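None of the values given here were measured: they were computed from a predicted structure. All chains are named by letter (A, B, ...) in the order of the sequence lines, taking the proteins before the strands, and each is independently numbered beginning at 1.
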Number of protein chains: 2
Amino acid sequence: MLSKKTKYGLKALTYLAKVDDRQPVQIAEIAKHENISQKFLESILLTLRRNGFLGSKKGKGGGYYLIKEPKDIPMTTVMRVLEGPIAMVPCVSLNFYEKCDDCPNEDECSVHKLMLQVRDSALDVYRNNTLADLL
Amino acid sequence: MLSKKTKYGLKALTYLAKVDDRQPVQIAEIAKHENISQKFLESILLTLRRNGFLGSKKGKGGGYYLIKEPKDIPMTTVMRVLEGPIAMVPCVSLNFYEKCDDCPNEDECSVHKLMLQVRDSALDVYRNNTLADLL
DNA sequence: TGAAAACCCTATTAAATCGATAGGGTAAAA
DNA sequence: TTTTACCCTATCGATTTAATAGGGTTTTCA
């Protein structure tokens, strides 16, 4: 399942991508428009800012804004920051690899074999979609 | 993340597919060989039996056995029975569809758009793999 | 300059899920 | 008729998730 965190994060990015001139948008505005708990969204936007997707401006007239062009934001990076590993099992993860403690031999593991394909196909989708493609 | 239930279920199916003549195999044997908690595996095998993948034989010399040819067991059905929906969000699920309560318009939803592609690519993998392909 | 606006941060919590365990009941085969 | 092995229910601890609470700090503008 996709977490609400990722879902809300994607919606917020989409919303910001549609704003003219990258004007700062208040959290409250995004939360209201996308039906998201404001406090929860706050923490998500913070994560996105810390990871280089968003900039923020404090004080009156402040808010969050995109600091990259939507076409330069691939879904791979968004997903990894918000959702974590793209792979369904750590033993086939590129960025979060971990050996299974129960499995003695990855090369002969049927789960490994299948999940490797699933990872590749998902990766293919994420690599071929930038934020611009979702608008 | 792939649940251990699915992981163990797949491993058990693979194990049973390799057995000659579809001889019944005891739970304990599978559990030991695949490093799975026996009681947990028991419940998984029961699910697989109830869903038409396995047969069982009670009493001495009993156990579980495949009742179909591995090539006739597509991963789509295995995944749906063990893991549930293949889609990452209910609003793009074929077999477990549900409308998002926060999203007013699916056609304009960026998450929907992306997750539809992810679902299709995963589905593609599962449809092109039977149990026989994982041996 | 000071107060309001808006970001920033930590802690807590309710609910759900997961993986595992416990303990027995029941059917079938030797 | 006894053993074997499947069958079933209930429970539990740990973890994660989504949300809430509550306050802080910085910046802007009147």
J.: Is the shortest side-chain N to carboxylate O distance from K11(B) to D102(A) below 4.0 Å?
T.: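 Yes, charged N to carboxylate O under 4.0 Å.
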J.: Of all the nucleotides listed (dG19(C), dT20(D), dA30(C)), which has the minimum atom distance to the side chain of K60(B)?
T.: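 Shortest atom-to-atom distance from the side chain points to dA30(C).
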J.: Can you tell me the distance, in whole Å, between the CG atom of N51(B) and the P atom of dC7(D)?
T.: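 Value for this atom pair: 14 Å.
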J.: How many whole angstroms separate atom CG of L41(B) from atom P of dA5(D)?
T.: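 Answer to the nearest Å: 15 Å.
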J.: Spell out, yes or no, whether V118(B) and M79(B) are grouped together once hydrophobic residues are joined by side-chain heavy atoms under 4.5 Å, including indirect joins.
T.: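 In one cluster with V118(B): M79(B), no.
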J.: Measure the distance from CG on L54(B) to C1' on dA5(D) and round it to the nearest whole Å.
T.: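 Result: 15 Å.
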J.: From C-beta outward on Y64(B), which listed nucleotide comes closest to its side chain: dT20(D), dT4(D), dC6(D)?
T.: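 When the side chain of Y64(B) is considered, dC6(D) is the closest of dT20(D), dT4(D), dC6(D).
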J.: Using a cut-off of 4.0 Å on non-hydrogen atoms, how would the nucleic acid contact of S43(B) be classed: base, sugar-phosphate, or nothing?
T.: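 Nothing, no nucleic acid heavy atom in range.
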J.: When we call it a touch if two heavy atoms are under 4.0 Å apart, what does L45(B) touch: a base, just sugar-phosphate, or nothing?
T.: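 No contact.
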J.: Take the protein atom CG of D101(B) and the nucleotide atom P of dA18(D), then report the distance between them rounded to whole Å.
T.: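 Checked: the CG to P distance equals 13 Å.
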J.: Measure the distance from OH on Y65(B) to P on dA5(D) and round it to the nearest whole Å.
T.: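 It is 16 Å, rounded to the nearest whole Å.
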J.: Of the candidate nucleotides dA20(C), dA27(C), dT28(D), which contains the atom at the shortest distance from the side chain of K58(B)?
T.: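 Output: dA27(C).
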J.: For L46(A) and dA18(D), give me the distance from atom CG to atom C1', rounded to whole Å.
T.: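 That distance rounds to 17 Å.
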J.: Classify K39(B) by what it touches in the nucleic acid, base, sugar-phosphate, or nothing, heavy-atom distance under 4.0 Å.
T.: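 Base, at least one base atom sits under 4.0 Å.
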J.: Can you name the closest pair of heavy atoms from G55(B) and I67(B) and give their distance?
T.: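 Heavy atoms of G55(B) and I67(B) come nearest at N-CG2, 3.4 Å.
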J.: Rounded to whole angstrom units, what separation is found between the CG atom of D102(A) and the P atom of dG19(C)?
T.: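 After rounding, the gap between these two atoms is 12 Å.
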J.: For Y8(A) and K57(B), find the nucleotide of DNA chain D closest to each by heavy atoms; which residue's nucleotide sits nearer the 5' end?
T.: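 Looking at the nearest nucleotide for each, K57(B) comes out on the 5' side.
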J.: Given dA20(C), dA19(D), dC9(C), identify the nucleotide with an atom nearest to the side chain of R50(A).
T.: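 For R50(A), the side-chain atoms sit closest to dC9(C).
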J.: Taking the side chain of S56(A) as heavy atoms from C-beta outward, which of dA27(C), dA19(D), dC8(C) is closest to it?
T.: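 Of the options given, the side chain of S56(A) lies nearest dC8(C).
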J.: Can you check side chain to side chain contact (heavy atoms under 4.5 Å, CB included) on L46(B) and Y64(B), steps first, answer last?
T.: CA-CA 9 Å; L46(B) 201 54; Y64(B) 282 98; 3.8 Å; yes
J.: Above 12 or not: heavy atoms from other molecules or residues under 6.0 Å from CD of E106(A)?
T.: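 For E106(A), atom CD is crowded (more than 12 foreign heavy atoms under 6.0 Å).
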J.: Given atom NZ of K5(B) and atom P of dA20(C), what is their separation to the nearest angstrom?
T.: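 Computing the K5(B):NZ to dA20(C):P distance gives 13 Å.
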J.: When the nearest nucleotide of DNA chain D is assigned to V25(B) and to E42(A) on a heavy-atom basis, which residue is associated with the more 5' position?
T.: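 The residue closer to the strand's 5' end, by nearest nucleotide, is V25(B).
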